[in-house]
There are 2 protein chains.
Amino acid sequence: MPVPLYQAKAEFFRMLGHPVRIRVLELLQDGPVPVRDLLAAIDVEPPNLSQHLAVLRRSGIVTSAREGSSVVYQLAGGDVADLMRAARRILTAMLTDQHDLLEELRSSDVGTP
Amino acid sequence: MPVPLYQAKAEFFRMLGHPVRIRVLELLQDGPVPVRDLLAAIDVEPPNLSQHLAVLRRSGIVTSAREGSSVVYQLAGGDVADLMRAARRILTAMLTDQHDLLEELRSSDVGTP
DNA sequence: TAGGCAATTGCGAATATTCGCAAATCCATA
DNA sequence: TATGGATTTGCGAATATTCGCAATTGCCTA
């Protein structure tokens, strides 16, 4: 019996739910990047980055390949950029709503009609 | 100083990272739904659902309103369906890749060339 | 083949999530 | 105003994540 789809989706989103992993995925969007460069870009200790990379690898969203003495990561497939765009749209909408609400509260400080 | 964008994104995805919350968002896509109906649809205890609804509310992705003796939830804005579609595309691509790899392994069981 | 850099793994402690149960709230209506 | 259904809140226990540090592995080059 297969894993219910909503559970697979939840695991997928949970996998995305860490700042370091988000940054890695963003850095990989323009093509393969060696771990060395990720380390230089992300303010995180090597073992810690490695663990986050392992999470991404296990989920299947990235693949890794040895190249000489270094290891290069790349997106496995699918349009991650598209997902990030969708997320950004929603985040923007949410923040805008909150902002609008704030404005509303500000302009009507005498209570509800 | 604002929260770094990648952290906001991570929090957003983490908020999505639970099966019950995914199901709620899916159920809300066709319009507002009272808690009662969510409870009937989702196999979860009332207090537990309520806590997940609180997570969604705090993040701002849904809003709630009292209607008589019941409470109705709805999506706050932004195109959540779009996000789900993007996620589904990536999940599909990932599963396809894995499937392809499996086929490959199956058809070449004599070892690497 | 010894030494060194790059990356990963193992593991324990700190922290965060999740869940169930009891209790509290909010409304409608008797 | 008392009763009852619907939802939320408050915790404590169980579980899962995250992080740092030591140790290990893989590969290049002296």
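Take the nearest nucleotide of DNA chain C for A/Arg66 and for B/Gly17: the residue whose nucleotide is more 5' is A/Arg66. The 5' end of DNA chain D is approached more closely, in terms of each residue's nearest nucleotide, by B/Pro46 than by the other of B/Pro46 and A/Val55.
Side chain of B/Pro47, nearest nucleotide from C/dC27, D/dT9, C/dG20: D/dT9. When each of C/dT8, D/dG20, D/dA6 is scored by its nearest atom to the side-chain atoms of B/Ser70, the top-ranked nucleotide is D/dA6. Set against C/dT17, C/dT18, D/dT9, the side chain of B/Arg14 has C/dT17 as its closest nucleotide. With D/dT7, C/dA7, D/dG10 as the candidates, the nucleotide lying closest to the side chain of B/Leu39 is D/dT7. Comparing atom distances between the A/Val35 side chain and each of D/dC27, C/dA7, D/dT9 picks out C/dA7 as nearest. Distance from the side chain of A/Gln51 is smallest for D/dG20 among the nucleotides D/dG20, C/dT18, C/dG20. Of the candidate nucleotides C/dT18, C/dT9, C/dG20, C/dT18 has the atom nearest to the side chain of B/His18. The side chain of A/Arg57 lies closest to C/dT8 when the candidates are C/dT8, D/dG20, C/dA7. The side chain of B/Ser69 approaches C/dA28 more closely than any other nucleotide in the set C/dA28, C/dT9, C/dC19.
Counting heavy atoms from C-beta outward, A/Ile42 and B/Tyr6 have side chains that stay 4.5 Å or more apart.
For A/Thr92 (side chain) and A/Arg88 (main-chain N/O), a donor-acceptor pair under 3.5 Å exists by modelled atom type.
Going from atom CG of B/Leu53 over to atom P of C/dT18 covers 13 Å, rounded to whole Å. For A/Glu67 and D/dC28, the CD to C1' distance is 15 Å, given to the nearest whole Å.
The hydrophobic clustering, which links ILVMFWY residues whose side-chain heavy atoms are closer than 4.5 Å, places A/Leu49 and A/Val72 apart.
Ring geometry, B/His18 versus B/His52: the interplanar angle falls from 30° to 60°, so the pair is classed tilted.
For A/Tyr73 and C/dA6, the shortest distance from a side-chain N or O to OP1 or OP2 is not below 4.0 Å. At C/dT17, none of the side-chain N or O atoms of B/His52 fall inside 4.0 Å of OP1 or OP2 (strictly under the cut-off).
Contacts of A/Ser50 with the nucleic acid, taken as non-hydrogen atoms under 4.0 Å apart, include base atoms.
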